[in-house]
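Data first, discussion second: the structure below is written as C-alpha cells.
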Amino acid sequence: MRVVFLERWKKKATMTDSRIQLTEEDITGIKADAIVNAANNSLLGGGGVDGAIHRAAGPGLLAECRGLSGCPTGEARITKGYNLPATWVIHTVGPIWRGGTQGEPELLARCYRSCFSLVQELGLRTIAFPAISTGVYGYPKEEAARIAIKETRRALAENENLASIIFVCFNNDTRLAYKKALAEP
Ligand code: ADP
C-alpha cells in the first residue's frame with residue numbers, strides 16, 4: 001500500500017526534502033493514514049477545508065465530532081475518516097491572526113506539535129496537512145509555512161516511523177510560501 005501511495009505522489013507532488021512533499025489538490029481525495037482538518041473550536045464543521053472534509057466524509061464524522069465536546073486552540077483530536085480515502089482525520093484548531101502579538105506563532109506551532117503527537121501515539125506514517133489558519137483565520141502564508149516546516153522537521157527527526165508528510169497547497173501563493181520555507185535551513 002505504501003508503494004502505491006508513493007507512486008501516486010511521484011506523479012503529482014513536487015519533491016523537496018525526502019519525506020516532505022508539496023501538492024496542489026483537494027485534501028479530501030488524499031489516501032493517507034491521516035488528513036488534518038483546520039477546524040474551529042466547536043469541531044462541528046464550518047467553511048473552507050473543514051466544510052469540504054465534512055461533506056466528503058459524510059454524517060458519521062459530524063456524529064463522532066459531536067461527542068468530542070470541542071477542542072481548544074492549539075490542541076488536536078482524532079476521528080475516523082468515514083467516507084474519506086484517509087483512515088483518520090486529525091482535527092486541530094489554529095489561531096485567528098490578530099496581528100501576531102496575541103501568541104499566534106506559538107499557538108500555530110502547538111497545532112502541528114499536537115497533530116504529530118497523535119501521529120506518534122497511533123504509529124501513523126503518512127499525513128496530509130492543509131495550510132492551517134491561512135484561510136478565513138487570516139494567518140500570513142509565509143510565516144505559517146515557516147512554522148509548519150519547522151515543526152515538521154522536528155517531528156521527522158524525532159519519529160523515524162514517519163514516511164511522508166504532504167502539504168496540500170490549495171493555491172499558488174501557498175505553494176510558493178512552502179517552497180520558500182523549505183529553501184531556508
Ligand atoms: P482556517 O480557518 O484555519 O484559516 P480555512 O479552511 O479557511 O481554515 O483555510 C485553511 C487553508 O486550507 C487555506 O489555505 C485554504 O485555501 C485551504 N483549503 C480550503 N479548502 C481546501 C481543500 N479542500 N483542500 C485543501 N486545502 C483547502
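The analysis underlying the following values was restricted to heavy atoms, covering all of them including side chains, and did not include hydrogens, waters or symmetry mates. Indexing begins at 1, ligand by ligand and atom by atom, following the structure's order. Here the structure is a predicted model, which means the values were calculated and not measured. Counting begins at 1 with the first residue of the sequence.
- The parts of Thr134 lying near ligand 1 are both backbone and side chain, judged by heavy-atom distances below 4.0 Å.
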*Test side-chain contact (heavy atoms from CB on, under 4.5 Å) applied to His54 and Tyr82, step by step*: CA-CA 10 Å; His54 275 271; Tyr82 297 90; over 6 Å; no

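- Distances from atom 11 (C) of ligand 1 to the heavy atoms of Gly46, Ala131, Pro130 show the closest one on Ala131.
- In terms of N/O distances under 3.5 Å, ligand 1 is not approached by Glu25.
- Taking every non-hydrogen atom of Ile27 and a distance limit under 4.0 Å, the qualifying atoms of ligand 1 come out as 24 (N), 25 (C).
- The heavy-atom pair separating Pro105 from Gly100 by the smallest distance is CD-O, 4.0 Å.
- Checked for salt-bridge contact, Glu106 and Arg110 meet the test: a charged N lies under 4.0 Å from a carboxylate O.
- Contact check for Ile147 versus Tyr139: side-chain heavy atoms found under the 4.5 Å cut-off.
- A distance-only check finds a donor-acceptor pair linking the side chain of Arg125 to the backbone of Asn161 [under 3.5 Å].
- Here's the thing with Thr174: none of its N/O atoms is less than 3.5 angstrom from an N/O atom of ligand 1.
- By the 30° and 60° cut-offs, the orientation of the rings of Phe116 relative to Phe129 is tilted.
- For the 3.5 Å distance criterion, the side chains of Asn37 and Thr92 fail to qualify, holding no donor opposite an acceptor.
- Close contacts of ligand 1 with Gly48, meaning ligand atoms under 4.0 Å from a residue heavy atom, involve 6 (O), 20 (N).
- Taking distance alone, with nitrogen or oxygen atoms compared against 3.5 Å, Asp26 approaches ligand 1 more closely than that limit.
- Within the 4.0 Å heavy-atom criterion, both parts of Tyr137, backbone and side chain, lie near ligand 1.
- Heavy-atom contacts of Ala38 reach the following atoms of ligand 1: 3 (O), 8 (O) (cutoff under 4.0 Å).
- Of the polar atoms of Ala52, none of the N or O atoms is found under 3.5 Å from an N or O of ligand 1, judged by distance alone.
- Between Gly135 and ligand 1, at least one N/O pair is under 3.5 Å apart.
- Under a 4.0 Å heavy-atom criterion, Ser133 is in contact with ligand 1.
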*Show your reasoning for whether salt bridge (charged side-chain N to carboxylate O under 4.0 Å, His left out) applies to Arg98 and Glu104.*
CA-CA 8 Å; Arg98 294 193 169 91; Glu104 296 95 324; over 6 Å; no

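- At least one N or O atom of Val49, backbone or side chain, sits closer than 3.5 Å to an N or O atom of ligand 1.
- The single protein non-hydrogen atom nearest to atom 7 (O) of ligand 1 is Val136 N, 2.9 Å, given as residue, atom name and distance.
- Across every non-hydrogen atom of Val93 and Pro72, the tightest pair is CB-O, 4.1 Å.
- Near Val168, meaning under 4.0 Å from any of its heavy atoms, are these atoms of ligand 1: 25 (C).
- Protein heavy atom nearest atom 27 (C) of ligand 1, with residue, atom name and distance: Phe170 CG, 3.4 Å.
- For Val36 against Ile27, the heavy-atom pair with the smallest separation is O-CD1, 3.8 Å.
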